[in-house]
Asker: 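Take a look at this one; I'll ask things after.
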Amino acid sequence: MRNWTIWISLFVIYTGCHVSTPEKTLIYSYGAITRTDTCQKQIHLVFTGDEYAEGGPIIREVLDKHGIKASFFLTGNFYRNPDFRPVIEGLVADGHYLGAHSDRHLLYASWENRDSTLVSREAFKKDVLNNYKEMSRFGIQKDKAPYYLPPYEWYNEEIARWTKDLGLVLVNFSPGTYSNADYTIPGMGSRYLSSDTIFSRILRYEEEKGLNGFILLLHIGVHPERPDPFYYKLDSLIQVLKNRGYGFTLLDQAIPS
């Protein structure tokens with residue numbers, strides 16, 4: 001018994017995991033959840049969308065192949081676009097989570113000074129609720145879609161408070177892998193990251209630090225000038241991560257209600 005006690009203690013010290021915890025551990029950044037339980041080998045696939053949706057059919061096919069449900073945070077612009085309706089209806093039929101990502105894809109906080117909020121509280125509220133109004137046309141109600149991912153994945157603590165006041169939970173991607181750079185194009189110069197680079201960075205991060213509880217963000221569509229959309233590598237990425245022991249779950253399965 002004494003040896004087991006020592007082993008358990010060492011496990012807790014070196015992994016930061018508790019053998020028995022009444023609540024799941026969440027990691028926050030500026031008031032938003034950016035990672036779930038780091039003791040569980042689970043990853044949450046998240047896709048955002050505003051102007052582009054061409055990757056939708058491919059992503060749906062890959063997720064169906066692997067039996068994975070993912071979260072799609074889409075703007076009001078996206079939900080309003082008649083060309084995107086088949087993609088949205090397909091995602092709903094597949095049982096994926098569909099959420100809000102700002103009605104007009106506004107920039108809420110200054111890039112240079114994050115504490116500087118660029119929208120009024122009323123403008124923020126209108127932007128969010130209008131997003132949910134568009135979602136309701138697809139049968140998606142606010143109380144069934146409580147997670148909100150800010151536009152540009154950029155926000156501050158004031159935005160987090162306003163989100164909470166609307167009865168919503170602010171979430172954002174887990175930093176470190178640069179998966180969210182899959183929107184970049186060569187014209188951006190050094191900011192452009194090829195899909196091969198993103199793929200290798202994700203796996204390198206997993207090898208060095210692990211992806212437990214990771215919110216891995218990608219885009220459902222990208223600018224036509226991007227020569228190598230990352231969604232073509234999604235199948236391979238999922239297979240590699242599955243082989244490394246990871247499962248894929250929806251956010252609401254990992255965030256206590």
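We use all heavy atoms of the structure for the numbers below, so side chains are in, but hydrogens, waters and symmetry mates are not.
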Asker: Give a yes or no on whether the backbone of Leu166 and the side-chain of Lys142 come within a donor-acceptor separation of less than 3.5 Å.
Answerer: yes
Asker: Identify, with sequence neighbours excluded, every residue that meets side-chain contact (heavy atoms from CB on, under 4.5 Å) alongside Asp196.
Answerer: Ser194, Lys233
Asker: Quick one: pull up CG in Asp143 and OH in Tyr132 and give me the separation to the nearest 0.5 Å.
Answerer: 10.0 Å
Asker: Output yes when a side-chain donor or acceptor of Tyr192 lies under 3.5 Å from a complementary backbone atom of Gly187, and no otherwise.
Answerer: no
Asker: State, to 0.1 Å, how close Thr75 and His101 come at their nearest heavy-atom pair, and which atoms those are.
Answerer: CG2-O, 3.5 Å
Asker: Taking the six-membered ring for Trp and the full ring for Phe, Tyr or His, determine whether the centres of Phe73 and Tyr97 are under 6.0 Å apart.
Answerer: yes
Asker: Under 4.5 Å between any side-chain heavy atoms of Thr117 and Glu158, yes or no?
Answerer: yes
Asker: How many angstroms lie between CD in Gln42 and CG in Leu251, if you round to the nearest 0.5 Å?
Answerer: 9.5 Å
Asker: Hey, what do you get for CZ (Arg85) to CD (Glu89), rounding to the nearest 0.5 Å?
Answerer: 4.5 Å
Asker: Hydrophobic clustering (ILVMFWY, side-chain heavy atoms < 4.5 Å, transitive) - are Ile202 and Leu63 grouped together?
Answerer: yes
Asker: Output, in order, the C-alpha distance, side-chain angles, deciding distance and verdict of side chain to side chain donor-acceptor pair (under 3.5 Å) for Asp50 and Asn77.
Answerer: CA-CA 6 Å; Asp50 180 40; Asn77 295 330; 3.1 Å; yes
Asker: Spell out, yes or no, whether Ile58 and Leu98 are grouped together once hydrophobic residues are joined by side-chain heavy atoms under 4.5 Å, including indirect joins.
Answerer: yes
Asker: So, taking the atom named CZ in Phe199 and the one named OG in Ser179, what distance separates them when rounded to the nearest 0.5 Å?
Answerer: 12.5 Å
Asker: Any idea which heavy atoms bring Asn212 and Cys39 closest together, and the distance?
Answerer: ND2-C, 3.9 Å
Asker: Any side-chain heavy atom of Val46 sitting closer than 4.5 Å to one from Leu216?
Answerer: no
Asker: Are Ile215 and Tyr205 co-members of a hydrophobic cluster defined by side-chain heavy atoms under 4.5 Å apart?
Answerer: no
Asker: Verify, without hydrogens or angle tests, whether Lys242 (side chain) and His66 (backbone) share a donor-acceptor contact under 3.5 angstrom.
Answerer: yes
Asker: Hydrophobic clusters here meaning ILVMFWY residues chained together by side-chain heavy-atom distances under 4.5 Å, can you tell me if Tyr178 and Ile238 are in one?
Answerer: yes
Asker: Whether Glu207 and Arg244 form a salt bridge (side-chain N of Lys/Arg under 4.0 Å from carboxylate O of Asp/Glu) is what I want to check.
Answerer: yes
Asker: Keeping Thr25 on the side-chain end and Asp37 on the backbone end, is there a donor-acceptor pair under 3.5 Å?
Answerer: no
Asker: Partners of Asp103 by salt bridge (Lys or Arg N to Asp or Glu O under 4.0 Å), sequence neighbours excluded?
Answerer: Arg80
Asker: For a quick test of reading the model, state the closest non-hydrogen atom pair linking Arg60 to Asp94 and the distance between them.
Answerer: NE-OD2, 2.6 Å
Asker: Looking at Thr34, is its backbone amide N or carbonyl O close enough to the side chain of Ser29 to form a donor-acceptor pair, meaning the two atoms are under 3.5 Å apart?
Answerer: no
Asker: Can you tell me if Thr163 uses its side chain to pair, donor with acceptor, with the backbone of Leu168 under 3.5 Å?
Answerer: no
Asker: Is atom NZ of Lys69 surrounded by more than 12 heavy atoms (other residues, nucleotides or ligands) closer than 6.0 Å?
Answerer: yes
Asker: Evaluate side chain to side chain contact (heavy atoms under 4.5 Å, CB included) for Ile43 paired with Leu241, printing each intermediate quantity in order.
Answerer: CA-CA 9 Å; Ile43 294 171; Leu241 293 175; 3.7 Å; yes
Asker: Check for a donor-acceptor pair, side chain of Ser116 on one end and backbone N or O of Asn113 on the other, with a separation under 3.5 Å.
Answerer: no
Asker: Could you walk me through whether His44 and Thr36 pass side chain to side chain donor-acceptor pair (under 3.5 Å), step by step?
Answerer: CA-CA 9 Å; His44 315 292; Thr36 67; 2.7 Å; yes
Asker: Given side chain to side chain contact (heavy atoms under 4.5 Å, CB included), test Trp111 with Leu107 step by step and report yes or no.
Answerer: CA-CA 9 Å; Trp111 291 115; Leu107 182 62; 3.4 Å; yes
Asker: Walk me through it: do Ser102 and Asn131 pass the test side chain to side chain donor-acceptor pair (under 3.5 Å)?
Answerer: CA-CA 6 Å; Ser102 162; Asn131 196 166; 5.6 Å; no
Asker: Any side-chain heavy atom of His223 sitting closer than 4.5 Å to one from Tyr52?
Answerer: yes
Asker: Test Leu217 against Thr48 for side chain to side chain contact (heavy atoms under 4.5 Å, CB included), laying out the working first.
Answerer: CA-CA 7 Å; Leu217 187 145; Thr48 60; 3.7 Å; yes
Asker: Please give me the minimum heavy-atom distance between Pro86 and Pro82, naming the atom from each residue.
Answerer: CD-O, 3.9 Å
Asker: Give a yes or no on whether the backbone of Ser120 and the side-chain of Trp162 come within a donor-acceptor separation of less than 3.5 Å.
Answerer: no
Asker: Would you say Phe138 has more than 12 foreign heavy atoms packed within less than 6.0 Å of its CZ?
Answerer: yes
Asker: Ile220 versus Ile59: any side-chain heavy-atom pair under 4.5 Å?
Answerer: yes
Asker: Are Tyr152 and Leu170 connected in a single hydrophobic cluster, I mean Ile/Leu/Val/Met/Phe/Trp/Tyr linked by side-chain heavy atoms less than 4.5 Å apart?
Answerer: no
Asker: Does any non-hydrogen side-chain atom of His219 lie less than 4.5 Å from one of Tyr231?
Answerer: no
Asker: To the nearest 0.5 Å, how far apart are CG in Leu237 and CG in Leu45?
Answerer: 7.5 Å
Asker: Decide, yes or no, whether a salt bridge links Asp127 with Lys125 under the criterion of side-chain N to carboxylate O below 4.0 Å.
Answerer: no
Asker: Using the rule given for side chain to side chain donor-acceptor pair (under 3.5 Å), can you reason through Gln239 versus Asn243, listing the C-alpha separation, both sets of side-chain angles and the distance that settles it, and then say yes or no?
Answerer: CA-CA 6 Å; Gln239 191 58 60; Asn243 291 342; 3.1 Å; yes
Asker: Under a 3.5 Å distance rule, please check whether Arg226 uses its side chain to pair with a backbone N or O of Thr184 as donor and acceptor.
Answerer: yes
Asker: Quick one: does NZ or CZ of Arg114 land under 6.0 Å from the six-membered ring centre of Tyr30, within 45 degrees of the ring axis?
Answerer: yes
Asker: When you compare the side chain of Ile27 with that of Ile33, does any pair of heavy atoms fall below 4.5 Å?
Answerer: no
Asker: If I take atom CG from residue Asp182 and atom CZ from residue Phe230, how far apart are they, to the nearest 0.5 angstrom?
Answerer: 7.5 Å
Asker: I'd like to check Tyr79 versus Ile88 (side-chain heavy atoms, cut-off strictly below 4.5 Å). Are they in contact?
Answerer: yes
Asker: Angle class for the Phe124/Tyr148 ring planes (parallel below 30°, perpendicular above 60°, tilted otherwise)?
Answerer: perpendicular
Asker: Specify the closest pair of heavy atoms between Ile140 and Ala145, including all atoms of both residues, with the distance to one decimal.
Answerer: CG2-CB, 4.0 Å
Asker: Using modelled atom types and a 3.5 Å cut-off, is there a donor and acceptor pairing between side-chain atoms of Asp228 and backbone atoms of Ser195?
Answerer: yes
Asker: Check this for me: does any side-chain nitrogen of one of Arg137 and Glu134 sit under 4.0 Å from a carboxylate oxygen of the other?
Answerer: yes
Asker: Test Thr38 against Phe214 for side chain to side chain contact (heavy atoms under 4.5 Å, CB included), laying out the working first.
Answerer: CA-CA 8 Å; Thr38 56; Phe214 225 76; over 6 Å; no
Asker: Would a 4.5 Å heavy-atom cut-off, applied to side chains only, mark Phe72 and Val92 as touching?
Answerer: no
Asker: How close do Lys41 and Gly245 get, heavy atom to heavy atom, and via which atoms?
Answerer: CB-O, 3.7 Å
Asker: Using the benzene-type ring in the case of Trp, are the ring centres of Tyr108 and Tyr155 under 6.0 Å apart?
Answerer: no
Asker: Is any side-chain N of the basic residue among Asp165 and Arg121 closer than 4.0 Å to the acidic one's carboxylate O?
Answerer: yes
